[in-house]
Amino acid sequence: PTSLSSLTFHYIVGQHAPDPQTIQVASSGGNAPFTVSTLVAGGNWLKVSPTRGNPPAPVTVSIDTQGLGAGNYTATLNISSPNSASPTAVSVTLTVTAVPPPQLTSITNAASYFAGAISPGENVVIFGTGLWPNGVGSNASSIRMHTATNMQAFSGSGPGWRGKAG
């Protein structure tokens, strides 16, 4: 038997992989060795270590996010032992979410918050959603504009940060 019958992982594309999770393999019939086999749908994204041992023992389950697209992925760990009539199944679910593109709602003068044409040298503020890396932080961002057609991100955080055009 194991300490868990299911594991759930969540991953947002472009962020760090989810933390590994550990299950404890135990035995009520002595110290018989166990083996872990996997049945994985959707690629080679599931990592298990160790794949054999003697109980009581931890088994670490982790996710390899390389090349994963948005969607739901499933797998089953089968833990078997010569002392067990049937393997113990642990279901694994991975939900991968893509970060939506930024949505701009307005570009305003940083001093007056008036929306209109932007002139070289003007301080501006951009408002919208998803403007920060990985969707973290405020719903407002700032830019530094070099020309009217060439904008670059300006560092800062929070709605009060400003960029300078020009």
Side-chain angles (χ1 to χ4, degrees), residues 1-105 107 125-144 150-163:
T2 66
S3 57
L4 298 170
S5 61
S6 67
L7 299 172
T8 302
F9 294 90
H10 299 279
Y11 170 65
I12 297 174
V13 175
Q15 292 191 353
H16 295 287
D19 290 334
Q21 296 184 38
T22 302
I23 56 176
Q24 294 294 327
V25 178
S27 174
S28 58
N31 195 15
F34 68 87
T35 59
V36 181
S37 61
T38 59
L39 177 60
V40 182
N44 192 23
W45 53 269
L46 186 68
K47 304 297 178 197
V48 178
S49 179
T51 57
R52 59 186 62 232
N54 291 312
V59 172
T60 301
V61 180
S62 60
I63 306 301
D64 179 358
T65 60
Q66 185 72 28
L68 289 177
N72 295 314
Y73 298 82
T74 59
T76 302
L77 304 178
N78 289 306
I79 303 170
S80 57
S81 171
N83 287 4
S84 179
S86 62
T88 299
V90 177
S91 64
V92 180
T93 303
L94 168 62
T95 302
V96 177
T97 307
V99 176
Q103 300 296 313
L104 301 180
T105 56
I107 300 175
V125 177
I126 294 179
F127 291 95
T129 58
L131 302 177
W132 291 104
N134 298 327
V136 177
S138 169
N139 284 343
S141 183
S142 303
I143 62 165
R144 178 175 180 91
N150 182 10
M151 292 185 249
Q152 294 182 348
F154 183 76
S155 63
S157 62
W161 285 86
R162 292 164 176 82

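The shown structure was predicted, so the numbers you read here are calculated from the model rather than taken from an experiment. Below, all heavy atoms of this structure are taken into account, side chains as well, without hydrogens, waters or symmetry copies.
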What is the minimum heavy-atom distance between Leu46 and Ala75, and which atoms define it? CD2-CB, 3.7 Å
Using side-chain heavy atoms (C-beta onward) and a distance below 4.5 Å, is Trp45 in contact with Leu94? yes
Looking at CG of Asn44 and CG of Leu68, how far apart are the two atoms once the value is rounded to the nearest 0.5 Å? 10.0 Å
Might you work through the side-chain contact (heavy atoms from CB on, under 4.5 Å) test for Ile79 and Ile23, ending with a clear yes or no? CA-CA 11 Å; Ile79 303 170; Ile23 56 176; 3.7 Å; yes
Are side-chain heavy atoms of Pro18 and Thr65 found at a separation under 4.5 Å? yes
Knowing that exactly one of Val92, Thr93, Val96 qualifies, which makes a side chain to side chain contact (heavy atoms under 4.5 Å, CB included) with Phe9? Val92
Separation between CG (Leu77) and OG (Ser6), nearest 0.5 Å, reads 10.5 Å
If I compare all heavy atoms of Asn78 with all of Pro87, which pair ends up nearest, and what's the gap? CB-CB, 4.2 Å
What distance do Leu4 atom CG and Ser91 atom OG have between them, rounded to the nearest 0.5 Å? 10.0 Å
Drop me the distance from Thr60's OG1 to Lys47's NZ, to the nearest 0.5 angstrom. 14.5 Å
What distance do Ile63 atom CD1 and Gln21 atom CD have between them, rounded to the nearest 0.5 Å? 8.0 Å
Are any of the side-chain heavy atoms of Thr88 and Phe34 separated by less than 4.5 Å? no
Minimum heavy-atom distance Ala57-Asn54, with the two atoms named: CB-O, 3.4 Å
Closest approach of Ser81 to Ala32 (non-hydrogen atoms, all atoms of both residues): OG-CB, 3.5 Å
